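Everything numeric here is computed off the predicted structure, so don't read it as measured data.
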Amino acid sequence: MADDVNAIVDEITERVRRRLDAFKAGTEAPCSASPGSASSDAECAPSCAQCPNHDTCGTSLSVRTGLSSRVSPDRLRTSADIAPFIDHTLLKPEATRDEVLKLCDEAKKYGFATVCVNAINVGTAARALAGSSVMPIAVVGFPLGATTPSAKAFETREAVRCGAREIDMVVNIGALKARDHALVLHDIQLVVNAAKPVPVKVILETSQLTDDEKIVGCALSKAAGAAFVKTSTGFAKGGATVEDVALMRRIVGEDVGVKASGGVRSTDDAMKMFAAGANRIGASASIAIVTGGKSDSKY
């Protein structure tokens, strides 16, 4: 099975690489995908929507609920308009209960989409956010991704039981770099299945990957039924870049979300990510982003 998965992934990677090279060279032809084709590029969205398997895809929940809808920069006329697309984040290991409660109060005040916390704090966040439109997120396998698939699945079930309404999991970075694609796929699938019907975002840690590895990570995440791909944990050497967000958007198409996280510290940073194709921002500098300020926060 592992050999079969690797062969399929190699073929997908090569096809995507050729499409990207053609796009950069300005020679890419208009999409002529027929209904049922496997193409996932943005131009192919109308054809893919006719695919007989489209509505049974694991990503269909996110499409129906609008989680992965593209954000048009034209809609964002002021910094405050960005708030509904921000995951207000507190992931430092020394975070206290009072800090989590403050995070939740801020999210409600400014109208952020969610709060994103470590799994141990998601129950506190869920109770504090009850009755509001703000959802609690728990991270899983954070920040290294180097735990077993069964451990990630157990952590996911516990987080959902405690009130998580989205799960942000870290991919097995070592397996991805070692081209153990079957393990990467299995890892994501177990978390997606454990979380159902809660959507899952897959953190790729893009600063640690080559472009080919980013392509593979996006393709496997989509195949496993993830609702989003996400750039970074904020705990590695690099964070989100415009180039990575644009690449990820082209790979996953329009039926999977793209979350930019790590180093998004200002309104200008956020707007650039939206223009590149992000439809969610993860940041601890959320208030600075929506008030037009600037933060030196790492995440």
List the steps, then state whether salt bridge (Lys or Arg N to Asp or Glu O under 4.0 Å) holds for Arg161 with Glu158. CA-CA 5 Å; Arg161 182 181 65 82; Glu158 284 293 287; 2.9 Å; yes
Under the side chain to side chain contact (heavy atoms under 4.5 Å, CB included) criterion, do Thr114 and His88 qualify, and how do the steps go? CA-CA 6 Å; Thr114 72; His88 192 34; over 6 Å; no
Between Ser221 and Val171, is a side chain to side chain contact (heavy atoms under 4.5 Å, CB included) present by the stated rule, with each step listed? CA-CA 9 Å; Ser221 297; Val171 75; 5.7 Å; no
In sequence, state the C-alpha distance, the side-chain angles, and the governing distance for Ile287 and Tyr110, and then conclude on side chain to side chain contact (heavy atoms under 4.5 Å, CB included). CA-CA 8 Å; Ile287 295 174; Tyr110 289 96; 3.7 Å; yes
Candidate pair Thr233 and Glu205, rule side chain to side chain donor-acceptor pair (under 3.5 Å), full reasoning: CA-CA 6 Å; Thr233 62; Glu205 203 68 280; 2.6 Å; yes
The test is side chain to side chain contact (heavy atoms under 4.5 Å, CB included); show your working for Asp87 and Ile281 and say whether it passes. CA-CA 6 Å; Asp87 294 343; Ile281 299 291; over 6 Å; no
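Side-chain atoms of Thr231 and Asp244 include no donor-acceptor pair closer than 3.5 Å.
Side chains of Ile137 and Ile167 form no contact here, defined as non-hydrogen atoms less than 4.5 Å apart. Contact annotation: the side chain of Phe228 approaches that of Asn279 to within less than 4.5 Å [non-hydrogen atoms, C-beta and beyond]. Contact of the His181 side chain with the Val216 side chain is registered, since non-hydrogen atoms from C-beta on lie closer than 4.5 Å. Under the 4.5 Å side-chain criterion, counting only non-hydrogen atoms from C-beta, Asp187 is in contact with Met169. Between Leu129 and Met135, every side-chain heavy-atom pair lies at or beyond the 4.5 Å cut-off. When side chains are defined from C-beta on, Lys214 counts as touching Leu247, because their heavy atoms get closer than 4.5 Å. Within the 4.5 Å cutoff, the side chain of Val139 has no heavy atoms near those of the Val170 side chain. Residues Thr267 and Ile82 meet the side-chain proximity criterion, which asks for heavy atoms closer than 4.5 Å.
Under the 4.5 Å side-chain heavy-atom criterion for grouping Ile, Leu, Val, Met, Phe, Trp and Tyr, Val117 is not connected to Leu101 through any hydrophobic cluster. When the side chains of ILVMFWY residues are joined at heavy-atom separations under 4.5 Å, either directly or via intervening members, Leu190 and Phe154 end up in two distinct hydrophobic clusters.
Interatomic distance, Leu176 CG to Leu185 CG, rounded to the nearest 0.5 Å: 11.5 Å. Between Ser261 atom OG and Asp168 atom CG the span is 7.5 Å, to the nearest 0.5 Å. Within the model, atoms CG of Leu209 and CD1 of Ile215 stand 11.0 Å from one another, a figure rounded to the nearest 0.5 Å. Note that SG of Cys116 is 13.0 Å distant from CD1 of Ile86, once rounded to the nearest 0.5 Å.
Val200 and Ala195 get closest at one heavy-atom pair: CG2-CB, 3.6 Å. When all heavy atoms are compared, the tightest approach of Pro149 to Leu183 is CG-CD1, 4.0 Å. Across every non-hydrogen atom of Val115 and Ala125, the tightest pair is CG2-CB, 4.0 Å. Across every non-hydrogen atom of Ala164 and Ala138, the tightest pair is CB-CB, 4.0 Å. When all heavy atoms of Ala219 and Ile251 are compared, the pair lying nearest together is N-CG2, 4.2 Å. Closest approach of Ala126 to Cys162, counting heavy atoms only: CB-O, 3.7 Å.
Atom NZ of Lys92 has more than 12 neighbouring heavy atoms from other residues, nucleotides or ligands inside a 6.0 Å radius.
Of the candidates Lys230, Lys201, Lys259, Lys201 is the only one forming a salt bridge (Lys or Arg N to Asp or Glu O under 4.0 Å) with Glu166.
With hydrogens and angles ignored, the 3.5 Å screen pairs no side-chain donor or acceptor of Ser232 with any backbone N or O of Gly234. In this structure a side-chain-to-backbone donor-acceptor pair under 3.5 Å is present from Arg249 to Gly253. Side chain of Lys222 to main chain of Val252: a donor-acceptor pair is present (N/O by atom type, distance under 3.5 Å, no hydrogens or angles). Remark: the backbone N or O of Thr210 is paired with a side-chain donor or acceptor of Glu213 at under 3.5 angstrom. Side-chain atoms of Asn172 come within 3.5 Å of backbone N or O of Ala175 as a donor-acceptor pair.
Using a 4.0 Å cut-off between charged side-chain N and carboxylate O, Asp268 and Lys272 make a salt bridge. Of the charged side-chain nitrogens involved, none lies within less than 4.0 Å of a carboxylate oxygen, so that Lys102 and Glu99 do not count as a salt-bridged pair.
Relative ring orientation between Phe85 and Phe274 is described as perpendicular, the plane-to-plane angle rising above 60° on a 0-90° scale split at 30° and 60°.
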